[in-house]
Chemist: 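Could you have a look at this structure, given as structure tokens, before my questions?
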Amino acid sequence: MQSTKKYSEEELVFLLRQKDQQAFSYLYDNYAPALNGIIFRMVEDTGLAEDILQDTFVKIWNNFSSYDSSKGRLFTWLLNLTKNITIDTLRSKGYKKQSKISADENSVSNLSDNGNSAEKFDTIGLRNQLSNLKPEQQTLIELAYFNGFTQDEIAKETGIPLGTVKTRLRSAIIELRKILQYT
């Protein structure tokens, strides 16, 4: 029987740079549900979300040396990488072609969890901490990190100028970071 070891972020980063497979398994076990939730909210297709999650973890394994802890926390880097890979997939010609074929064949889309997927995949408790933010900050974090909106999409959705969205989102992230440090 294997014991489950817990790693600090610093230990985990160090071991991942050494290509430690046990640390990578720990990373997957602890972060995959949250990342899969982000992907699923963006693509609303379980199979595609799983494929993108696999691609994301392959990229993490192969390119972990590009992570710079001075630029942000590990989870933030993982989120941004995940969102970028998902957006790239959605913009790809192959995906667009496959989507058109599926639509032409009148395929039945997968059922969603009717809004419960964000709670289901929020295993790190981030959603609970949002209640400590101002309502406008909560909304921006929800749209960006739980609904997968880009900053431009948030600006259009809320009617707030793009520059203001960027400033408020940055302030919200800084405030959330402070809250998470004390929990």
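Residue numbers count from 1 along this sequence.
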Chemist: Ignoring hydrogens, what is the shortest heavy-atom contact between A23 and L15? Give both atom names and the distance.
Modeler: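 Result for this residue pair: CB-CB, 3.6 Å.
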Chemist: Holding to ring pair (Phe, Tyr, Trp, His ring centres under 6.0 Å), I want the full list of residues that pass it with Y7, two or more places apart in sequence or in another chain.
Modeler: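 With neighbours one apart ignored, the set is Y26.
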Chemist: Please list, chain by chain and in numerical order, all residues satisfying ring pair (Phe, Tyr, Trp, His ring centres under 6.0 Å) with Y67, sequence neighbours excluded.
Modeler: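 Once residues adjacent in sequence are excluded, the partners of Y67 under the ring pair (Phe, Tyr, Trp, His ring centres under 6.0 Å) criterion are F64, W77.
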Chemist: Which heavy-atom pair separates F24 from F57 by the least distance, and what is that distance?
Modeler: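 Taking every non-hydrogen atom into account, CZ-O, 3.4 Å.
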Chemist: Is the backbone of K134 close enough, under 3.5 Å, to the side chain of Q137 for a donor and an acceptor to pair up by distance?
Modeler: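 A pair under 3.5 Å: yes.
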Chemist: Does Q54 CD have over 12 foreign heavy atoms under 6.0 Å away?
Modeler: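 Not buried by this count: 12 neighbours or fewer within 6.0 Å.
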Chemist: Quick test of your reading: applying salt bridge (Lys or Arg N to Asp or Glu O under 4.0 Å), list the pairs with at least one residue in residues 138-150, sequence neighbours left out, ordered by first then second residue.
Modeler: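 Passing the test, one end in residues 138-150: R127-E142.
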Chemist: Just wondering, are more than 12 heavy atoms of other shown residues or ligands nearer than 6.0 Å to CD in Q21?
Modeler: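 12 or below, so no.
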Chemist: Please answer whether the main-chain N or O of G72 pairs with a side-chain N or O of T76 as donor and acceptor at a distance below 3.5 Å.
Modeler: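 Looks like no, no N/O pair under 3.5 Å.
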Chemist: What closest approach, in Å, do E50 and N36 show between heavy atoms, and which atom pair accounts for it?
Modeler: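 What the structure gives for the nearest pair is N-OD1, 4.2 Å.
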Chemist: Does F149 reach the side chain of K156, with side-chain heavy atoms less than 4.5 Å apart?
Modeler: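 Of all side-chain heavy-atom pairs linking K156 with F149, none is under 4.5 Å.
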Chemist: Hey, does the side chain of K166 reach the backbone of P161 with a donor-acceptor pair shorter than 3.5 angstrom?
Modeler: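 Judged by distance alone, no pair lies under 3.5 Å.
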Chemist: Using distance alone, with no hydrogens and no angle criterion, decide if T150 and D152 have a side-chain donor and acceptor under 3.5 Å apart.
Modeler: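 No, no side-chain donor-acceptor pair sits under 3.5 Å.
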Chemist: I'd like to check T139 versus I154 (side-chain heavy atoms, cut-off strictly below 4.5 Å). Are they in contact?
Modeler: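 Side chain of T139 against side chain of I154, heavy atoms only: no contact under 4.5 Å found.
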Chemist: Report yes if some heavy atom in the side chain of L169 is under 4.5 Å from a heavy atom in the side chain of I141; otherwise report no.
Modeler: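 SC-SC contact between L169 and I141 confirmed.
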Chemist: Just so I know, are the side chains of T89 and I39 near enough to count as touching, which here means a heavy-atom distance under 4.5 Å?
Modeler: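 Contact flag for T89/I39 side chains = no.
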Chemist: Determine whether L53 and Y28 make a side-chain contact, defined as any pair of heavy atoms from C-beta on separated by less than 4.5 Å.
Modeler: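 Yes, their side chains come closer than 4.5 Å.
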Chemist: So, do E136 and L140 sit near enough that their side-chain heavy atoms are less than 4.5 Å apart?
Modeler: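 Side-chain contact under 4.5 Å: no.
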Chemist: Grab the two heavy atoms, one from F40 and one from D45, that are nearest each other, plus how far apart they are.
Modeler: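 Between these two residues, the closest heavy atoms are CE1-N, 3.8 Å.
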Chemist: If only atom types and distance count, is the side chain of T86 paired as donor or acceptor with the main-chain N or O of T82 below 3.5 Å?
Modeler: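 Yes, the answer is positive, given that a donor and an acceptor are paired below the 3.5 Å cut-off.
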Chemist: Rounded to the nearest 0.5 Å, what separates atom CG in D55 from atom CD1 in I60?
Modeler: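 Reported value, rounded in 0.5 Å steps: 11.0 Å.
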Chemist: Between the main-chain N or O of S66 and the side-chain N or O of N63, is there a donor-acceptor pair closer than 3.5 Å?
Modeler: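 A pair under 3.5 Å: no.
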Chemist: Determine whether more than 12 heavy atoms belonging to other residues, nucleotides or ligands lie under 6.0 Å from atom CZ of R170.
Modeler: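 For R170, atom CZ is not crowded (no more than 12 foreign heavy atoms under 6.0 Å).
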Chemist: Rounded to the nearest 0.5 Å, what separates atom CD in E10 from atom CG in L74?
Modeler: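 Answer rounded to 0.5 Å: 10.0 Å.
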Chemist: Under the 3.5 angstrom rule, does the side chain of Q151 hit a backbone N or O of L162 as a donor-acceptor pair?
Modeler: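 Not a single qualifying donor-acceptor pair exists.
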Chemist: State the CG-CZ distance between L12 and R17, to the nearest 0.5 angstrom.
Modeler: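 Atom-to-atom, L12:CG and R17:CZ are 11.0 Å apart.
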Chemist: To the nearest 0.5 angstrom, please state how far the CG atom of L133 sits from the CD1 atom of I173.
Modeler: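 Output value for this atom pair is 10.5 Å.
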Chemist: What's the shortest heavy-atom distance between R41 and E44, and which atoms?
Modeler: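 Closest approach of R41 to E44: O-CG, 4.1 Å.
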Chemist: Got a donor-acceptor contact below 3.5 angstrom from the E11 side chain to the S8 backbone?
Modeler: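 Such a contact is found between E11 side chain and S8 backbone.
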Chemist: Distance from S171 atom OG to R168 atom CZ, nearest 0.5 Å?
Modeler: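 One finds 9.5 Å between OG of S171 and CZ of R168.
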Chemist: Are L48 and I87 connected into the same hydrophobic cluster when the rule is that any two of I, L, V, M, F, W, Y join if their side-chain heavy atoms are below 4.5 Å apart?
Modeler: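 Yes, one cluster joins them.
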Chemist: Calculate, to the nearest 0.5 Å, the distance between atoms CD1 and CD belonging to I160 and E157 respectively.
Modeler: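 Taking CD1 in I160 and CD in E157, the distance rounds to 10.5 Å.
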Chemist: Check for me, please, whether L27 and V58 land in the same ILVMFWY cluster - side-chain distances under 4.5 Å, paths through other members count.
Modeler: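 No: no chain of side-chain contacts under 4.5 Å links L27 to V58.
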Chemist: Is any side-chain heavy atom of W61 closer than 4.5 Å to one of K19?
Modeler: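 The answer is yes; the side chains approach within 4.5 Å.
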